Amino acid sequence: MANSDPTKRPRPGPWPPAPEPNAIPSSSWAKKTGFRAKFSGETNASDSGPIVLAAKPKETEAQADLESGRVRVPPAANGEPESEKKLPASDRDQSARRRRESEGAVKSTGPVPNGQARADPQPQPPKPSRHEEVVDVLPQSLDDDGFVARHSHMKYELRDTPGLVPIGLYGFQHYLSMLGSLILIPLVIVPAMGGSHEDTSMVVSTVFFVSGVTTLLHTFFGSRLPLVQGPSFVYLAPALAIINSPEFQGLNGNNFRHIMKELQGAIIISSAFQAILGYSGLMSVFLRLINPVVVSPTIAAVGLSFYSYGFPQVGNCLEIGAVQILLVIIFSLYLRKISVFGHRIFLIYAVPLGLAITWAAAFLLTEAGAYNYKGCDINVPASNIISEHCRKHVSRMKHCRVDTSHALTSSPWFRFPYPLQWGTPVFHWKMALVMCVVSIIASVDSVGSYHASSLLVASRPPTPGILSRGIGLEGVSSVLAGLWGIGTGSTTLTENIHTIAVTKMGSRRSVELGACILILLSLVGKVGGFIASIPNVMVAALLCFMWAMLAALGLSNLRYSEAGSSRNIIIVGLSLFFSLSIPAYFQQYGITPSANSSVPSYFQPYIVASHGPFRSKYGGVNYVMNTLLSFHMVIAFLIAVILDNTVPGSRQERGVYVWSDFETARREPAVAKDYGLPFRVGRVFRWVKWVGL
């Protein structure tokens with residue numbers, strides 16, 4: 001029985017009680033519980049019971065640590081977090097016990113970055129999977145089945161089919177917002193090959209057809225993510241390097257068809273290499289070297305490498321090109337929040353709206369006679385013009401007028417693109433080897449696109465096998481692009497991520513229906529003729545915006561790592577600087593101002609094969625080395641992949657991509673529905689672990 005003598009009862013201590021001298025500091029609590037502060041708003045929501053958010057005291061504010069990219073949490077009394085102090089004692093003990101039980105799993109698996117949910121198999125009893133949440137990019141919630149609902153902010157999710165009309169409208173909108181990525185490459189490379197406006201029209205129609213077919217193949221048998229396939233800017237620099245090779249400078253006759261056949265041969269061989277890389281499972285091994293710190297400078301270098309072509313071409317007619325750039329900037333930035341019927345039309349359609357308005361203004365100026373000069377005829381070649389007055393204005397007449405192209409009138413109403421339409425491809429090992437290296441860069445670009453899009457629309461990221469399957473199918477798609485002859489390979493367009501995030505349309509069916517519409521448009525020859533008649537100044541203005549967007553989308557991959565870390569800052573900075581400086585050395589080596597006058601100044605960086613510093617007795621080796629080391633993206637990739645995989649750094653600091661586990665993905669119905677192959681094709685690949693699901 002308890003002693004009831006009041007004189008022998010212990011005296012109560014001071015109130016509030018003073019903290020114990022051996023209180024656990026906050027750092028020890030973090031080590032014991034496995035707590036890790038995430039960067040860029042990424043937090044870890046474990047399965048340790050319900051989480052109660054306590055009111056934050058005004059006097060305790062988090063301080064930013066610029067070196068590590070984390071937020072310093074002020075120490076709490078007794079080493080306990082404020083949220084646990086608000087819980088009852090029994091719930092707090094239960095929460096701490098569950099955290100200690102899950103500590104072993106955290107140590108064995110490591111941190112799970114990049115907002116990806118991960119399920120670790122437990123013996124008995126089965127426990128719900130661990131999930132991670134990206135607050136600033138992808139709002140998440142936990143559904144009744146234990147899966148992470150990442151895409152609650154999306155209008156339509158990956159497997160939604162709201163109806164034929166909405167899907168058709170959204171699919172057309174998706175492709176219209178990416179119009180610049182689909183049409184600009186043919187408008188650059190065909191004139192560089194000496195092709196006419198009619199040739200440009202046919203190549204544009206072929207691009208539409210191949211893009212539609214390869215997108216359907218990818219959404220059915222590739223990664224199954226809603227990603228549009230098409231001619232990537234990654235292939236533009238090597239295509240221009242092959243076009244400006246020394247052996248093609250003195251050709252007579254139809255240069256376009258001859259050079260196109262050379263490009264087709266190089267693309268077919270490199271695409272077969274990419275398909276083997278994916279379907280053999282080698283991509284799953286190579287995937288360990290690819291992380292956000294590698295992807296970011298590599299893709300950014302692709303966009304930054306064309307600075308010599310962009311504004312110098314716009315300067316040929318400033319009143320048209322500069323106005324178009326300003327319109328696109330105003331629509332995409334200043335008017336981006338204006339909605340019409342619930343759609344941010346200025347943000348989604350910034351590129352086509354800017355093109356349409358500028359084109360209409362240029363047409364009115366042309367019809368009003370603003371570019372008519374007395375006694376001057378635009379159809380007379382510049383070399384035959386005698387009048388000094390006409391020579392002075394011939395450049396403005398050529399670049400500012402919109403009636404100089406006859407592509408629309410000369411194009412047929414119906415034309416079906418067919419394989420080998422330019423002739424039998426020509427194969428040269430040195431050009432094929434250059435393209436094989438470029439296909440690796442294209443695969444790195446696709447890895448970043450797969451990861452970012454899966455965070456937007458899918459229940460979980462794909463497994464390494466699914467990713468390898470997608471890369472393998474991109475190789476098959478590029479083989480088709482080589483057979484049909486679009487001048488480049490067909491791969492996942494980086495601009496998909498921006499389009500999905502802006503339109504909030506993640507439905508796979510909308511992209512598939514949009515691909516069908518694109519195939520139908522490719523059969524109408526007048527559509528290709530209409531696009532081929534876009535003036536070169538407007539093409540260059542669009543390219544300025546598209547290349548800037550590409551560079552920004554590449555750098556945005558750093559949000560998955562600790563961007564404030566000095567390690568990552570130095571690696572990305574070195575990669576970007578030397579990706580501009582080293583190619584400049586190769587491009588300027590042994591060249592004089594008066595040399596190579598037959599090549600336009602904006603194509604001078606792509607004739608390095610004829611004068612580069614590599615001058616051994618093997619001409620093919622000289623061609624390959626001089627050409628590859630003059631590509632900005634190749635230098636950025638080499639420096640980033642070496643430094644990121646040799647300089648010490650934690651997985652969280654590096655932002656290491658974590659893909660879904662194969663066995664876990666097979667057990668979860670949502671993952672199987674997201675990535676499983678249709679029509680029971682999965683049975684063919686199921687025995688091959690690295691490409692099946």
Side-chain angles (χ1 to χ4, degrees), residues 175 178-190 203-204 206-208 210-215 217-218 222-223 225 227-243 263-264 266-268 270-271 273-275 277-278 290 295 298-306 309 434-450 452-453 470-482 484-499 511 515 518 542-543 546-554 557 631-634 636-637:
Y175 282 85
M178 299 180 63
L179 182 65
S181 302
L182 294 172
I183 68 173
L184 292 180
I185 290 182
L187 298 181
V188 173
I189 64 173
V190 175
V203 173
V204 169
T206 306
V207 165
F208 283 179
V210 172
S211 177
V213 171
T214 54
T215 300
L217 289 175
H218 192 82
S223 70
L225 291 168
L227 299 174
V228 176
Q229 309 293 298
S232 172
F233 287 116
V234 174
Y235 287 95
L236 180 56
L240 291 175
I242 292 176
I243 291 170
L263 284 174
Q264 287 181 263
I267 291 168
I268 290 173
S270 65
S271 303
F273 167 77
Q274 187 180 17
L277 184 69
I290 304 175
V295 174
T298 303
I299 305 308
V302 176
L304 296 175
S305 61
F306 299 105
Y309 183 88
V434 169
M435 281 293 186
C436 285
V437 176
V438 174
S439 68
I440 297 177
I441 306 296
S443 301
V444 172
D445 183 10
S446 298
V447 167
S449 299
Y450 290 173
S453 61
I471 296 298
L473 190 67
E474 285 192 14
V476 174
S477 300
S478 293
V479 170
L480 297 179
W484 261 259
I486 65 174
T488 65
S490 179
T491 184
T492 299
L493 299 178
T494 311
E495 295 80 2
N496 276 289
I497 310 305
H498 173 72
T499 301
V511 174
L518 203 64
L542 289 182
L543 286 171
M546 298 302 300
W547 286 331
M549 281 290 300
L550 185 60
L553 287 172
N557 284 276
F631 292 157
H632 304 76
M633 56 188 176
V634 172
F637 172 73

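Given the structure is predicted, the values throughout are model-derived calculations rather than measurements.
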Check: Which is it for Thr488 and Leu236 under the side-chain contact (heavy atoms from CB on, under 4.5 Å) test, yes or no, and what are the steps along the way?
Finding: CA-CA 7 Å; Thr488 65; Leu236 180 56; 5.7 Å; no
Item checked: Stepwise side-chain contact (heavy atoms from CB on, under 4.5 Å) check, His632 with Val302 -> CA-CA 7 Å; His632 304 76; Val302 176; over 6 Å; no
Margin query: Is there a side-chain contact (heavy atoms from CB on, under 4.5 Å) between Leu227 and Val511? Walk through the geometry before answering.
Written below: CA-CA 7 Å; Leu227 299 174; Val511 174; over 6 Å; no
Next item on the list: Any chance you could lay out the side-chain contact (heavy atoms from CB on, under 4.5 Å) test for Phe233 and Leu543, step after step, and finish with the verdict?
Entry: CA-CA 10 Å; Phe233 287 116; Leu543 286 171; 3.9 Å; yes
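Heavy atoms only, all atoms of each residue included: Gly230 and Ser211 are closest at CA-OG, 4.2 Å. Contact record, Ser270 with Cys436: CB-N, 3.5 Å, taken as the closest heavy-atom pair. When all heavy atoms of Pro238 and Val434 are compared, the pair lying nearest together is CB-CG1, 4.4 Å. Shortest non-hydrogen contact noted between Thr494 and Leu553 is O-CD1, 3.8 Å. Considering every non-hydrogen atom in both Leu225 and Ser453, the closest pair reads CD1-OG, 3.4 Å.
For the atom pair Leu493 CG and Leu182 CG, the distance stands at 6.0 Å (nearest 0.5 Å). Taking OG from Ser446 and CD1 from Ile441, the interatomic distance works out to 11.5 Å, rounded to the nearest 0.5 Å. Distance check: Ser478 OG to Met435 CE gives 10.0 Å after rounding to the nearest 0.5 Å. Distance check, rounded to the nearest 0.5 Å: CE of Met546 to CD1 of Ile183 gives 9.5 Å. In this structure, OG on Ser443 lies 4.5 Å from CD1 on Ile471, to the nearest 0.5 angstrom. The line from CD1 of Ile486 to CD1 of Ile185 is 8.0 Å long, rounded to the nearest 0.5 Å.
Here the side chains of Tyr175 and Thr215 are in contact, with some heavy-atom distance below 4.5 Å. Between Val234 and Thr491, the closest side-chain pair of non-hydrogen atoms is not below 4.5 Å. Between Thr298 and Asp445, every side-chain heavy-atom pair lies at or beyond the 4.5 Å cut-off.
Partners of Ser449 under the side chain to side chain donor-acceptor pair (under 3.5 Å) rule, at least two apart in sequence or in another chain, do not exist in this structure. Applying the side chain to side chain donor-acceptor pair (under 3.5 Å) criterion to Ser223, with sequence neighbours excluded, gives His218. Applying the ring-ring contact (aromatic ring centres under 6.0 Å, His included) criterion to Phe631, with sequence neighbours excluded, gives no partner residue. Under the side chain to side chain donor-acceptor pair (under 3.5 Å) criterion, Ser439 pairs with no residue at all, not counting sequence neighbours. The side chain to side chain donor-acceptor pair (under 3.5 Å) search around Thr492 returns Gln229, Glu474, not counting sequence neighbours.
Taking the six-membered ring where tryptophan is involved, the planes of Trp547 and Phe306 are essentially parallel, since the angle between them stays under 30° and well short of 60°.
The stretch residues 230-243 participates, sequence neighbours left out, in no side chain to side chain donor-acceptor pair (under 3.5 Å) pair at all.
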